[in-house]
Number of protein chains: 2
Amino acid sequence: MLKVSKLTDYGIGLMASLARREGDNLVAARELSADSGLPLPTVSKLLKVLTSSELLVSTRGASGGYALARRPDQITLVDMIEAVEGPLALTECSGNAACVCELETTCGLKANWSWINQQLLNTLRGITLQNMAGSVARDLRTLTNENTIQNSTKKAVS
Amino acid sequence: MLKVSKLTDYGIGLMASLARREGDNLVAARELSADSGLPLPTVSKLLKVLTSSELLVSTRGASGGYALARRPDQITLVDMIEAVEGPLALTECSGNAACVCELETTCGLKANWSWINQQLLNTLRGITLQNMAGSVARDLRTLTNENTIQNSTKKAVS
DNA sequence: TTCATATAGTACCGTAACAGTACTCTTTCG
DNA sequence: CGAAAGAGTACTGTTACGGTACTATATGAA
């Protein structure tokens, strides 16, 4: 698993859809629902959450709708994922919250999980809505070759 | 969340516990249970799963027990996580399985998710049980500075 | 001013995965 | 043969996910 929830996936799809419409400054939930094929209630719920996380701005009333709160290159994957599913922590102990796990003294893994969590966050923070709206692989092509963490690690360990 | 399940966390703790006992070639589930503070049934279930994924070897009968199937530096985080919770895919569409998501044509995010999934896998594959049994941060210190994907990205985009 | 349209807020429910537990069977050493 | 240990199966409670319905509020236009 290690998966992102369906709602999150949908939410990012909606954000990408908005990012691709440079022209329209306001898009109604109904329109995004038709576009994506997702049921309106689901879309509404997501847009509301994204708004309360300040990734979108909303205008109420007739001819209202939603728009991006910032430029697409100023919104990261972490922003979007955390907006829908809360602060992301690999394990109970890897987040910032005070860990009350009584096994902590015996397992001794907390520091490691925190470190790993930080690495994943860094990776995800490097990807923006702008990348997602287009092709991540094209934008970040320079990274896919030999300078990934994996290869560097082999060197560091040996 | 983007979290790993509790069971997975426990499982890796057990693996680390085994990795730290260089001497003992066979350790009983009961012993690992006492060590970790986890209930025996839970420990047994996990050890069984880890064995069927060929990360551990088991010996039945009196004075039986479990041992690592390979050297700790030959077992990666991905091996352990997938052993407990199956193949890891960030979204329905990011794995290798044929994606039957009927929204795929509209969402157009599949390629991006696959790429991101691959990045995360690379990161996790770079961390071994040996690292987890000790200090990941110490072993991989050389990576924590400025050569993370995040900084390289900024350059590539600008 | 009234109405249609849009977002905001709340509440609810069914399903499935997670986490934990119990019980039985099989193998092996003493 | 019996004790000890792993292997297998099955069951259960809880929680979060995913989806839906209903109501309230705001705004532009007729």
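Letters A, B, ... mirror the listed sequences (proteins, then strands); counts begin at 1.
Proximity of B/Tyr10 to the phosphate of C/dG20: a side-chain N or O atom is located under 4.0 Å from OP1 or OP2. Phosphate proximity of C/dA8 to A/Ser44: absent, as no side-chain N or O sits under 4.0 Å from OP1 or OP2. An OP1 or OP2 oxygen of C/dA8 is reached within less than 4.0 angstrom by a side-chain nitrogen or oxygen of A/Tyr66.
Comparing A/Ser5 and B/Gly64 against DNA chain D, the residue whose closest nucleotide sits nearer the 5' end is B/Gly64. Between B/Ser58 and A/Lys6, the residue whose closest nucleotide on DNA chain D is further toward the 5' end is B/Ser58.
A straight line from CD of A/Glu31 to P of C/dA6 spans 9 Å, rounded to a whole angstrom. Counting to the nearest Å, the C1' atom of D/dT27 and the CG atom of A/Leu26 are 12 Å from each other. The separation between A/Arg30 atom CZ and C/dA6 atom P is 6 Å, rounded to whole Å. Atom-to-atom, CD of A/Glu85 to C1' of D/dT15 comes out at 16 Å; the value is rounded to the nearest Å. To the nearest angstrom, C1' of C/dG9 lies 15 Å from CG of A/Leu46. To the nearest angstrom, C1' of C/dA6 lies 12 Å from CG of A/Leu47. C/dT10 atom P lies 14 Å from atom NZ of A/Lys45, rounded to whole Å. In this structure, CG of B/Leu2 is placed 17 Å from P of D/dA16, rounded to the nearest angstrom.
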Take B/Leu109 and A/Met132 through the test side-chain contact (heavy atoms from CB on, under 4.5 Å) and record every step on the way to the result.
-> CA-CA 7 Å; B/Leu109 252 40; A/Met132 291 299 282; 4.2 Å; yes
List the steps and the verdict of side-chain hydrogen bond (donor to acceptor under 3.5 Å, both in side chains) for A/Ser5 and A/Glu85.
-> CA-CA 8 Å; A/Ser5 79; A/Glu85 41 191 72; 3.2 Å; yes
After noting the C-alpha distance and the side-chain angles of A/Leu140 and B/Trp115, does the key distance pass the side-chain contact (heavy atoms from CB on, under 4.5 Å) rule?
-> CA-CA 10 Å; A/Leu140 309 181; B/Trp115 189 88; 3.7 Å; yes
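One finds no salt bridge joining A/Asp35 and A/Arg20 here, because no Lys/Arg side-chain nitrogen approaches an Asp/Glu carboxylate oxygen to under 4.0 Å.
A 6.0 Å sphere centred on CZ of B/Arg70 holds more than 12 heavy atoms belonging to other residues, nucleotides or ligands.
Counting heavy atoms from C-beta outward, A/Leu32 and A/Leu18 have side chains that approach closer than 4.5 Å.
Contact annotation for B/Lys48: base contact, defined as any heavy-atom pair under 4.0 Å involving a base atom.
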Would you mind building the protein contact string for nucleotides 25-30 of chain C? One character per nucleotide, 5' to 3', B for base within reach (heavy atoms under 4.0 Å), S for sugar-phosphate only, - for untouched.
-> -BBBS-
Which atom pairs, one a donor and one an acceptor, fall under 3.5 Å between side chains of residues 51-61 of chain A and the rest of the protein, sequence neighbours left out?
from, atom 1, to, atom 2, distance (Å)
A/Thr51, OG1, A/Leu47, O, 2.7
A/Ser52, OG, A/Val49, O, 2.9
A/Ser53, OG, A/Val49, O, 3.3

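With D/dG19, D/dA5, C/dT7 as the choices, the nucleotide that has an atom nearest any side-chain atom of A/Thr42 turns out to be D/dG19.
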